[in-house]
Amino acid sequence: MMISLRRMNAILQKDFKDFSRNLAVSTVLIMPIGLGAFYGRGGVNSIEAHYMLINLAFVMIATFVQCCLIAEEKEKNTLRGLMLSPASTTEILGGKSLLTFILTMITVSMTAYLADYRPANIGVIVLAFILSSFFYIAVGTLLGLFSKSVMEASVIVMPVVAVFSMGTFLPTFVDQYPFLKMGMYLPNIQLIELAVKVEAGGGFGDVLIELLIILAWTIILCMLTAAIYRKRMVD
């Protein structure tokens, strides 16, 4: 099946208009960027501190904004119209993710730059950021499909924000609480381990396992999101 870029672009333009009108959602862009500037001026330069900010930017933009955009469509009953349109599942979900992806990459890049984070291998880090953004967008889409309104979306996404931002410090508690070892395979933790290897001079081959784990999470979440979306179409 051919993917219509024109349909995806139309959805992107519509989402941009909705996003620009919703100040409650659009103002979340300020928080990670502001924290990045604050940490940068404070001279914080540890990998854990940098990636707490970066993971916060991912979850606040890619997950929170995406969740609210999907929930707003449901609240206005416009998502049903999209489902009944000739657009395919890939076109609809891809189009509704484009704006979030663009905003995420801009916000994460600005946050990292203002926090004075300069990775040793920019190519590896950019690839990891792109994969991570897909994962967080899939999480936001999934949560949005379960939300009935923007207000409900704002509440349901909070535990995810806590886990994937403050969870950055999980490795410090693993020795004390062994049951937390399972959490070491979460994408945000894998992103930190990847960054540590990059700073030690590692290349693509050295971080392949971390990239594959993040990719596996992304594929699983995308498949689950597509399945839930198709179920909502039938409902």
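Computed from heavy atoms alone, side chains included, the values below leave out hydrogens, waters and symmetry copies.
- Scanning both residues, I125 and P119, for their nearest heavy atoms gives CG1-CB, 3.5 Å.
- Nearest heavy-atom pair, A112 versus I54, reported as atom, atom and distance to 0.1 Å: CB-CD1, 4.3 Å.
- Residues meeting the side chain to side chain donor-acceptor pair (under 3.5 Å) test with T63, sequence neighbours left out: none.
- The two residues N55 and F164 come nearest to each other via the heavy atoms CB-O, 3.1 Å.
- Side-chain contact between F204 and L127 is present, with at least one heavy-atom pair separated by less than 4.5 Å.
- With respect to T225, the side-chain contact (heavy atoms from CB on, under 4.5 Å) criterion is satisfied by exactly one of I70, I137, L145: L145.
- In terms of modelled atom types and a separation under 3.5 Å, the side chain of T111 and the main chain of A57 share no donor-acceptor contact.
- The side chain to side chain donor-acceptor pair (under 3.5 Å) check on T107 picks up nothing, with sequence neighbours excluded.
- For I106, the side-chain contact (heavy atoms from CB on, under 4.5 Å) criterion is met by I102, M110, not counting sequence neighbours.
- Note on V198: it does not cluster hydrophobically with Y113, by side-chain heavy-atom contacts below 4.5 Å among ILVMFWY residues.
- Looking only at atom types and distance, the side chain of Q66 has a donor-acceptor partner in the side chain of T141 under 3.5 Å away.
- In the hydrophobic clustering of ILVMFWY residues, with side-chain heavy atoms under 4.5 Å counting as a link, L131 and L224 come out together.
- Side-chain atoms of C67 and I156, non-hydrogen and from C-beta on, do get closer than 4.5 Å to each other.
- Side-chain contact between L35 and M31 is present, with at least one heavy-atom pair separated by less than 4.5 Å.
- At distances below 3.5 Å, at least one donor-acceptor pair connects side-chain atoms of D206 with backbone N or O atoms of G203.
- Annotation: side chain to side chain donor-acceptor pair (under 3.5 Å) contacts of E210 (sequence neighbours excluded): K197.
- No continuous path of hydrophobic side-chain contacts links M151 to L143 [ILVMFWY only; heavy atoms under 4.5 Å].
- Looking at F135 and L215, their side chains never come closer than 4.5 Å, going by heavy atoms from C-beta outward.
- Listed here is the closest heavy atom pair of G36 and L53: CA-CD1, 3.9 Å.
- Taking the six-membered ring where tryptophan is involved, the planes of Y136 and F58 are essentially parallel, since the angle between them stays under 30° and well short of 60°.
- In this structure the side chain of I213 reaches within 4.5 angstrom of the side chain of Y185, judged on heavy atoms.
- Under the 4.5 Å side-chain heavy-atom criterion for grouping Ile, Leu, Val, Met, Phe, Trp and Tyr, V157 is not connected to V155 through any hydrophobic cluster.
- Applying the side-chain contact (heavy atoms from CB on, under 4.5 Å) criterion to L114, with sequence neighbours excluded, gives I33, A37.
- Checking side-chain atoms of W217 against main-chain N and O of L212 turns up no donor-acceptor pair under 3.5 Å.
- Nearest heavy-atom pair across F129 and M105 is CB-CE, 4.0 Å.
- Under the rule for a side chain to side chain donor-acceptor pair (under 3.5 Å), S133 has no partner lying at least two apart in sequence or in another chain.
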